[in-house]
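As structure tokens, the structure follows; a few thoughts come after it.
Residue indices begin at 1 and follow the sequence shown.
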Amino acid sequence: MRIHHINCGTDCPFGGGLFDGRSAGPLGHLVCHCLLIETSQGLVLVDTGYGMRDVRDPFPRLSRPFAALLNIRLREEETALRQVEALGYSPRDVRHIVLTHLDFDHAGGLEDFPDATVHVMAAELEAVQRRRGFVPRNRYRPMQLDEVRNWRRYQPDGEGWFGFQSVRQLEGLPPEILMVPLKGHTWGHAGVAVDTGDGWLLHAGDAYFYRDEVRRPERRCTPGLRLYQNMMEVDRAARLENQARLRDLSLDRDARVTMICAHDVVEYEAARAGRAL
């Protein structure tokens, strides 16, 4: 398998380094870190970021309050569709999409790949159907999902993975790709683990937001991202417990697990360059 790290959306929230931990100016820099995996069963996307329809007609597909909060920069060239095409592929070559969750900045590109099978935890689809309260109504955007037909829903069972529950096997996908339930940010949030043949790559989605929440004994997070995580969580105890377990796993060198989250720009740049943090 060949894995491409792609950014499918840029957010520039006011607050600069209070969000990303490095910007000197008034605006921060967050990414939508997705994976494009070349497999014998075709292309597999892990998350989609913002899609073509978000770029061309953003409202009401996106929430105006969240678009303003994150200062979203919608760019056609950053969509998964355009990046797939830039690599010489057709949208039809994307056979599967594995989702960490269904927030607007992770699922916006689903309708750009109508032939793909979409894999998601069952609890996440159930949460979309409820959508009660300010945050659920704004995080889940039905217009991004209503043309998706090929859903595959999963329960949190299967063989364990480094002490976590896991979902095996994903229908139609090679056994090297699995979902790891990580409830807390949303009810059906999951990481996606990929056996690279030289260790594991875990896309942890929004189970953490900042690079120093893992890979060090004590959690460190910027104030802006800490506040955003608290605002978006559905189960604080589960979120913090899973984050602590991820932190422990990231410090276990024998496990050979490389960990990334969805929005940290430093992690994204390191992954693109093939560097370890």
Minimum side-chain heavy-atom gap [X]-[Y] below 4.5 Å:
X	Y	value
L173	Q41	no
K183	D235	yes
V257	W161	yes
M1	D195	no
L18	T222	no
L43	E38	yes
D103	F66	no
L30	L225	yes

Say whether, by atom type as modelled, one donor and one acceptor occur between the side chain of [X] and the main chain of [Y] under 3.5 angstrom.
X	Y	value
R168	P175	no
D212	C221	no
R139	M232	yes

Assess whether atom CD of E218 is packed by more than 12 heavy atoms of other residues, nucleotides or ligands within 6.0 Å.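 12 or below, so no.
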
Heavy-atom neighbours of D252 CG exceed 12 at 6.0 Å: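 More than 12 within 6.0 Å, yes.
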
Do you know which of R131, E124, R130 makes side chain to side chain donor-acceptor pair (under 3.5 Å) with Y140?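 It is E124, the one option of R131, E124, R130 that forms the side chain to side chain donor-acceptor pair (under 3.5 Å) with Y140.
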
Partner of D206 under side chain to side chain donor-acceptor pair (under 3.5 Å), chosen from R239, H189, H106: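 It is H106, the one option of R239, H189, H106 that forms the side chain to side chain donor-acceptor pair (under 3.5 Å) with D206.
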
Qualifying residues under ring-ring contact (aromatic ring centres under 6.0 Å, His included), relative to W187, sequence neighbours excluded: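 By the ring-ring contact (aromatic ring centres under 6.0 Å, His included) rule, W187 matches no residue at all.
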
Once you measure the plane-to-plane angle for Y228 and F209, does it fall in the parallel (<30°), tilted (30-60°) or perpendicular (>60°) bin?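 Perpendicular, since the angle between the ring planes exceeds 60°.
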
Let me check something: do [X] and [Y] share a hydrophobic cluster, defined by ILVMFWY side-chain heavy atoms less than 4.5 Å apart, either directly or through other members?
X	Y	answer
L69	V135	yes
V98	V148	no
F104	L99	no
F164	V167	no
F19	L70	yes

At their closest point, which heavy atom of [X] faces which heavy atom of [Y], and how far apart are they?
X	Y	answer
S250	V214	OG-CB, 3.7 Å
A270	L277	CB-CD2, 3.8 Å
A107	L145	CB-CD2, 4.0 Å
L201	H5	CD2-CE1, 4.0 Å
A193	V180	CB-CG2, 4.1 Å
L81	P91	CD1-CG, 3.1 Å

Return each pair, listed once, that meets salt bridge (Lys or Arg N to Asp or Glu O under 4.0 Å) where at least one residue sits in [range]; pairs must be two or more places apart or across chains.
range	result
residues 51-61	R53-E111, R53-E147, D54-R61, R56-E76, R61-E111
residues 88-101	R92-D115
residues 257-274	R22-E269, R211-D264, R215-E267

[X] side, atom [atom1]; [Y] side, atom [atom2] - distance, nearest 0.5 Å:
X	Y	atom1	atom2	answer
W200	E176	CH2	CD	8.0 Å
L45	L35	CG	CG	9.0 Å
I177	I37	CD1	CD1	4.0 Å
D105	T10	CG	OG1	11.5 Å
H33	H203	NE2	NE2	5.5 Å
Y154	E171	OH	CD	5.5 Å

Give me the other members of the hydrophobic cluster that L240 sits in, counting Ile, Leu, Val, Met, Phe, Trp and Tyr linked by side-chain heavy atoms under 4.5 Å, directly or via other members.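 So far as hydrophobic clustering goes, L240 is joined with none.
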
Name all residues meeting the side chain to side chain donor-acceptor pair (under 3.5 Å) criterion together with R253; count only those two or more places apart in sequence or in a different chain, and write none if there are none.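 For R253, no residue satisfies side chain to side chain donor-acceptor pair (under 3.5 Å) once neighbours in sequence are set aside.
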
